[in-house]
Every structure is written in structure tokens, then in C-alpha cells.
Peer 1: 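Can you read through this structure? Questions will come right after.
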Amino acid sequence: MLIGLLTAIAASICYGTGSVLQAVGSRRAARATPADAGVTAHGGPNLSSTAKAAMTWEFIVGTILDFAGFGLGALASRMLPLFLSQTVISANLVITAVLSVRMLGIRLTRKEWVSIGVVCTALVLLASAAGHEGGHHAPIATHWWLLAVTALIIVGGTVAVRLLGGRAAILAGLLSGLAFGALGVGVRILNGIDPFDPAALLTDPALYAIVLAGTGGMYLHTVALQIGSVNGATAALVVGETVLPGAIGVLWLGDASRPGLAWLAVAGFVLAVAGAVAVAWYGNHDGADPAAADPAVDPAAPAPEPAGVS
């Protein structure tokens with residue numbers, strides 16, 4: 001349990017730091033793009049502007065941290081109940097919020113600090129109440145359903161971003177979270193891991209759900225960072241990647257709390273989600289100083305409006 005918790009915490013730090021670095025890279029690329037060159041007809045970022053954001057050094061380093069976080073998170077999801085591992089990993093919201101103060105020039109309000117405190121308290125409650133993780137086996141039909149639902153999330157999110165433009169920030173964050181939640185479930189039920197069997201691994205639909213969820217979730221999260229608040233987008237992601245896998249772990253995979261502490265686990269889970277929603281609600285920092293995110297920008301010089309940023 002302790003090793004699993006430490007692994008999940010390390011994944012959380014990697015993800016949180018990576019999110020802020022990706023936001024810095026996304027906004028640096030947006031400032032270098034003419035306001036009308038990087039958006040679709042509906043006001044959302046086009047594939048070209050997203051690709052430019054992904055080529056900045058900050059975004060590249062952030063992506064490397066995300067891959068490290070993925071590896072650590074995958075390990076944690078096989079060592080802990082999903083409602084605990086995914087929630088601890090989702091605490092990257094705290095890392096994101098604190099680092100965004102320095103790197104994005106964001107000033108957190110008292111309500112946001114209180115919300116972050118609620119999330120941290122909820123994690124302590126969850127860690128105290130969590131029991132053993134359930135099994136790693138699920139019927140093959142579940143693996144196929146996971147792949148189908150993941151494809152629906154990614155395709156639906158991509159279409160929504162193109163149609164809604166800048167209004168899709170929170171939705172894109174939520175759908176990216178659902179994709180990452182599906183990734184966590186896929187890692188948990190993946191065949192061919194223990195014992196290692198390459199044939200079983202490569203023929204398991206869950207493997208391809210993991211690949212699709214990881215790449216598609218990364219794309220939707222990048223878009224959410226381009227068009228909305230980094231804290232708001234990340235908080236929506238937290239809700240998506242926590243609620244779905246937590247419920248699946250309890251209902252179908254046998255995850256459980258310690259005897260007599262189910263109420264504490266439920267309270268911690270609800271508080272964690274409520275805290276994340278509160279940060280999303282209060283996390284609209286449209287007025288953040290763009291120069292704070294890039295020391296090379298002269299605050300007195302006019303800068304083009306970031307493409308698609310609401």
C-alpha cells in the first residue's frame with residue numbers, strides 16, 4: 001500500500017508540473033500566431049496551432065513528464081484501488097495551481113486555496129479508508145466496450161471542440177479526463193502482464209483503448225489549455241479521470257475500503273470531486289498577466305491576443 005501511494009504521488013507531481021509547462025508552451029505559441037491564423041471558423045484552435053504548441057520546448061518537457069507520470073500511474077493503478085490511485089494522481093491539480101502562480105502569473109483567490117485544501121483533506125481521508133485492490137480480470141466483452149467508449153469520447157470531443165470553439169474549454173478538459181480514466185481502467189484489466197504473454201497483450205482490445213485514450217486525451221487536454229484556464233481545464237480533467245474509474249473499480253473489479261470505513265471512503269471521494277469542481281468554478285483567470293509566463297515579453301509592448309483564448 002505504501003509503495004503504491006508513493007508511486008501515485010510521484011505520478012501526480014509529474015502530471016501537475018507537466019500541465020503547467022504545457023500551458024506555458026501553448027500560450028507562447030499562441031502569442032506568436034496571428035489571431036486569425038490559428039482558429040477554426042467556430043473559434044477553436046486548429047490542428048496547425050495545436051501542433052505549433054506541441055513543438056515548444058516547454059511543451060516537450062511537459063510531455064516527457066506526462067509519459068513519466070503515465071508509467072508511474074499505470075503501476076499505481078495495479079497496486080491500489082482505482083478510487084484511491086486515480087484520486088491521488090488527480091491531486092496534480094494542487095501542483096498545477098501552485099506552479100501556475102509563478103509560471104503563468106496567476107493569483108489564486110481565497111476560495112481557490114480553500115478548494116485546494118478540501119482536495120488535500122479528501123486525499124487523506126481516502127488514503128485512511130482504502131482497503132485492498134480488487135482483481136485484474138474482466139470479461140473480454142468489457143475490453144471491447146472500453147475500446148468503443150474510448151473511441152466515442154475522443155471523436156465526440158474533437159467534434160465538440162470544432163463546433164463550440166472557445167466555449168468548449170471545460171468540456172474538452174472533462175472529456176480528456178474521461179479518456180485518462182479509461183486509460184487507468186485499461187491498465188488495470190490489461191491481459192498479458194502477469195504473467196507476461198506478448199500474444200495475449202497484443203490481441204487485447206484494452207491495449208488499443210490505452211493507446212487511443214492516451215493520445216486522444218493528450219490532444220483534448222492540450223486544446224483545453226489553449227482555450228481556457230489551466231486550473232479550470234485541469235480541474236475538469238480531475239473529475240473525469242476520478243469518478244468513472246473509481247465507480248468501475250468498486251462496482252466491477254472488487255475494489256473495497258477497510259472494514260467499517262466505507263463511509264469515510266465515500267466522504268473522501270465526494271469531497272475530492274467537490275473540491276475539484278470548486279477550483280474549476282473559481283479558476284477562471286482571464287486576467288492573468290501574460291508577461292509573467294514569459295519573462296522575455298515586454299509588458300509595455302502590445303501583444304497579439306492568444307488564438308482562441310476566452
Side-chain angles (χ1 to χ4, degrees), residues 8 11-12 15-16 18-19 22-23 66 69-70 73-74 76-77 81-97 115 118-119 122-123 126 145-161 164 167-188 209-253 255 268-281 283:
S12 178
Y15 277 135
S19 290
Q22 288 166 344
D66 276 345
F70 167 74
S77 68
L82 282 174
F83 69 82
L84 177 59
S85 65
Q86 294 300 115
T87 308
V88 172
I89 293 170
S90 296
N92 66 73
L93 173 66
V94 177
I95 308 297
T96 299
S115 301
V118 169
V119 173
L123 294 179
L126 275 171
W145 272 108
L146 181 66
L147 178 58
V149 171
T150 300
L152 181 62
I153 290 171
I154 301 305
V155 173
T158 302
V159 172
V161 166
L164 298 177
R167 295 173 295 169
I170 297 299
L171 177 61
L174 177 63
L175 291 177
S176 68
L178 289 174
F180 291 136
L183 187 153
V185 174
V187 169
R188 175 69 174 272
I210 291 170
V211 174
L212 180 60
T215 55
M218 179 69 70
Y219 166 72
L220 290 175
H221 187 44
T222 301
V223 170
L225 293 175
Q226 285 182 286
I227 61 180
S229 160
V230 60
N231 288 334
T234 305
L237 181 149
V238 164
V239 175
E241 74 174 339
T242 302
V243 175
L244 179 64
I248 290 175
V250 171
L251 295 176
W252 287 298
L253 298 179
D255 291 345
F269 188 83
V270 171
L271 281 176
V273 174
V277 170
V279 175
W281 183 261

Peer 1: Which heavy atom of Ala11 sits nearest a heavy atom of Gly69, and at what distance?
Peer 2: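 Closest approach of Ala11 to Gly69: CB-O, 3.5 Å.
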
Peer 1: Over all heavy atoms of both residues, which pair between Ala179 and Gly217 is shortest? Give the atoms and the distance, please.
Peer 2: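 Ala179 and Gly217 have their closest heavy atoms at CB-CA, 3.9 Å.
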
Peer 1: For Thr242, enumerate each residue passing the side-chain hydrogen bond (donor to acceptor under 3.5 Å, both in side chains) test, keeping only those at least two apart in sequence or located in another chain.
Peer 2: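 With neighbours one apart ignored, the set is Ser90.
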
Peer 1: For residues 209-216, please give each side-chain donor-acceptor pair under 3.5 Å, one per line with the distance, not counting sequence neighbours.
Peer 2:
unit_1: Thr215; atom_1: OG1; unit_2: Val211; atom_2: O; d: 2.9
unit_1: Thr215; atom_1: OG1; unit_2: Leu212; atom_2: O; d: 3.3

Peer 1: Shortest non-hydrogen contact from Ser115 to Gly275?
Peer 2: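 Minimum heavy-atom separation between Ser115 and Gly275: CB-O, 3.8 Å.
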
Peer 1: Say whether, by atom type as modelled, one donor and one acceptor occur between the side chain of Asp66 and the main chain of Gly18 under 3.5 angstrom.
Peer 2: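 Side chain of Asp66 to backbone of Gly18, a donor-acceptor pair under 3.5 Å: no, none is there.
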
Peer 1: Can you name the nearest heavy-atom pair linking Ala169 to Ala224, along with the distance?
Peer 2: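 Result for this residue pair: O-CB, 3.6 Å.
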
Peer 1: Less than 4.5 Å apart, side chain to side chain, heavy atoms only: is that true for Ile89 and Phe180?
Peer 2: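 Not touching, per the 4.5 Å side-chain cut-off.
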
Peer 1: Quick one: does any side-chain atom of Thr158 pair with a main-chain N or O of Ile154 as donor and acceptor, under 3.5 Å?
Peer 2: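 Looks like yes, one N/O pair under 3.5 Å.
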
Peer 1: In chain order, what residues pass the side-chain contact (heavy atoms from CB on, under 4.5 Å) check against Leu175, with sequence neighbours excluded?
Peer 2: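 For Leu175 the side-chain contact (heavy atoms from CB on, under 4.5 Å) partners, ignoring immediate neighbours, are Ile153, Leu171, Leu178, Leu220.
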
Peer 1: If the condition is side-chain contact (heavy atoms from CB on, under 4.5 Å), which residues does Ala74 pass it with, not counting sequence neighbours?
Peer 2: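 Only Val187 meet the side-chain contact (heavy atoms from CB on, under 4.5 Å) criterion with Ala74.
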
Peer 1: Are Arg188 and Ile248 packed together at the side-chain level, in the sense that at least one heavy-atom pair is separated by less than 4.5 angstrom?
Peer 2: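 A side-chain contact is absent here, since even the closest heavy-atom pair is not under 4.5 Å.
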
Peer 1: Where do Ser77 and Ser85 come nearest, in terms of heavy atoms and distance?
Peer 2: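 Result for this residue pair: CA-OG, 3.8 Å.
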
Peer 1: Quick check: does any side chain N or O of Tyr219 sit under 3.5 Å from a backbone N or O of Ser176, one acting as donor and the other as acceptor?
Peer 2: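 Here the side-chain-to-backbone pair does not exist.
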
Peer 1: Looking only at heavy atoms, what is the nearest atom pair of Glu241 and Gln86, with distance?
Peer 2: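 Result for this residue pair: O-NE2, 3.2 Å.
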
